[in-house]
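First the structure, in the form of structure tokens, and then the observations on it.
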Amino acid sequence: MPAAGGDRADRAGPLLVACALRIEQVALRSAGHGRAGGTDRAAAGAYTLLRTGMGPRAAERALLRALERPAAERAAVLATGFCAGLVPGMSPGDIVVAEETRDPRGTVPCTGTALLAEALARAVPGRTVHTGPLTGSDHVVRGQERAQLRATGAVAVDMESAATLRAAVRGGARPVAAVRVIVDAPEHELVRIGTVRGGISAFRVLRAVLPAFYEWHRSSLLPRR
């Protein structure tokens, strides 16, 4: 696997924000405004929002197609949306910033985790920001399986981030990150994925994170020292 986001690309391209679910897209779109073509763009062209569809295979396919576009060749990639927290005491609306994403196919280190966590704390004051490994799954994780993933050191799990970032770095180094908003946790477990629509707290947090994404992206444009 190529070196990943920790080895910052010499010069980043545009910002590509990837999410899986329509409700995640709605939250991010309502914060960023406007759309163009098959993706959504902020009015100033600060980012492109790509809805990949659910699951690791859909995420990988959609991201690879998006990066084939000439304007996206050097894009910084940030995977976002909802996730399940693995650490006791986590609550819906808490934020997870991945230090790395991992799944059975490999591990991808993330770029600028500390800066991104600080930017998110400013963007969404009062919300707890967790950092640590974000693990991938091809299904919704519940019960004992959640405890088993926690035993590996992971702090949260989702279905798309690991596949998204692995696809992003396949062709070479670029800035990559994953930010997820907890919609269920050990003490707040969902019955079914559709219950995400009732996660008002998580939805509101996801609407507020874009300024932190822009700050992270701007930092990736700075020359290395």
Side-chain angles (χ1 to χ4, degrees), residues 17-28 49-56 58-60 63 77-104 107-108 110 113 116-117 120-121 123-124 127-143 145-166 168 176-210 212-213 216:
V17 177
C19 67
L21 302 178
R22 184 175 299 279
I23 192 169
E24 297 166 343
Q25 182 185 40
V26 168
L28 293 159
L49 176 60
L50 173 70
R51 182 185 170 206
T52 65
M54 184 183 295
E60 184 174 11
L63 200 283
V77 174
L78 193 152
T80 195
F82 301 127
C83 71
L86 300 176
V87 180
M90 285 180 161
S91 299
D94 285 3
I95 300 169
V96 173
V97 181
E99 294 176 341
E100 64 182 29
T101 58
R102 55 167 76 154
D103 67 7
T107 297
V108 178
C110 295
T113 299
L116 187 48
L120 285 160
V124 196
R127 294 292 179 178
T128 302
V129 179
H130 306 268
T131 59
L134 176 61
T135 195
S137 174
D138 61 1
H139 58 277
V140 177
V141 174
R142 299 190 178 95
E145 188 177 4
R146 187 175 299 208
Q148 292 169 353
L149 291 175
R150 171 58 182 156
T152 70
V155 298
V157 57
D158 78 279
M159 296 173 66
E160 296 84 24
S161 292
T164 298
L165 298 199
R166 185 174 58 250
V176 292
V179 173
R180 291 279 170 170
V181 180
I182 293 173
V183 75
D184 74 330
E187 293 90 356
H188 306 274
E189 192 166 315
L190 296 180
V191 175
R192 62 186 185 280
I193 193 65
T195 312
V196 166
R197 294 185 177 276
I200 302 301
S201 177
F203 182 88
R204 288 176 175 169
V205 171
L206 192 57
R207 287 188 63 186
V209 296
L210 278 175
F213 294 178
W216 172 82

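Since the model is a prediction, treat every value here as computed from it, not as a measurement. Sequence positions, counted from 1, serve as the residue numbers for this chain.
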Closest approach of A208 and V124, non-hydrogen atoms and distance? CB-CG2, 3.9 Å
Return the set of residues passing side chain to side chain donor-acceptor pair (under 3.5 Å) with S137 (not counting sequence neighbours), or none when no residue passes. H139
Can you tell me how far apart CD (E145) and CG (L86) are? Round to the nearest 0.5 Å. 10.0 Å
Show the nearest heavy-atom pair for residues L49 and C19, with the distance to one decimal. CD1-SG, 3.9 Å
For R207, salt bridge (Lys or Arg N to Asp or Glu O under 4.0 Å) partners two or more places apart: none
Just do the side-chain contact (heavy atoms from CB on, under 4.5 Å) check on V155 and M90 with the steps written out, would you? CA-CA 10 Å; V155 298; M90 285 180 161; 4.1 Å; yes
May I have all residue pairs that pass salt bridge (Lys or Arg N to Asp or Glu O under 4.0 Å) and include part of residues 78-89, sequence neighbours excluded? none
For T131, the side-chain contact (heavy atoms from CB on, under 4.5 Å) test, sequence neighbours excluded, returns V97, E99, T113, A117
Quick check: closest heavy atoms across V209 and L206, and the distance to 0.1 Å? CG2-O, 3.2 Å
Hey, what do you get for OG1 (T135) to CD (E100), rounding to the nearest 0.5 Å? 9.0 Å
Taking side chain to side chain donor-acceptor pair (under 3.5 Å) as the definition, give me every residue that meets it alongside R150, ordered by chain and number, with sequence neighbours left out. none
Any side-chain to backbone donor/acceptor pair from E24 onto A20? Under 3.5 Å, distance only. yes
Pairwise side-chain contact, R146 with V157, heavy-atom cut-off 4.5 Å (strictly under): no
Minimal heavy-atom distance between T107 and R102, with the atoms involved, is OG1-CB, 3.7 Å
Using 0.5 Å steps for rounding, measure from the CD atom of Q25 to the CD1 atom of I23. 11.5 Å
Please identify which of these residues, V205, T80, L116, T128, meets the side chain to side chain contact (heavy atoms under 4.5 Å, CB included) condition with I95. V205
Applying salt bridge (Lys or Arg N to Asp or Glu O under 4.0 Å) as the test, list every pair that has at least one member in residues 151-160; sequence neighbours left out. D158-R180, E160-R180
Rounded to the nearest 0.5 Å, the CG atom of L210 sits from the CG atom of L78 at a distance of 9.5 Å
Go through the steps for F203 and V26 under the test side-chain contact (heavy atoms from CB on, under 4.5 Å), then give the verdict. CA-CA 9 Å; F203 182 88; V26 168; 4.1 Å; yes
Sequence neighbours excluded, which residues qualify as side-chain contact (heavy atoms from CB on, under 4.5 Å) partners of A123? A212
Correct closest heavy-atom pair for P92 and S201 would be O-OG, 3.6 Å
Can you check whether R127 reaches V181 side chain to side chain, under 4.5 Å on heavy atoms? no
Which pair of non-hydrogen atoms, one from L165 and one from A177, has the smallest distance, and what is that distance? CD2-O, 3.6 Å
Taking side-chain contact (heavy atoms from CB on, under 4.5 Å) as the definition, give me every residue that meets it alongside A156, ordered by chain and number, with sequence neighbours left out. C83, V96, L134
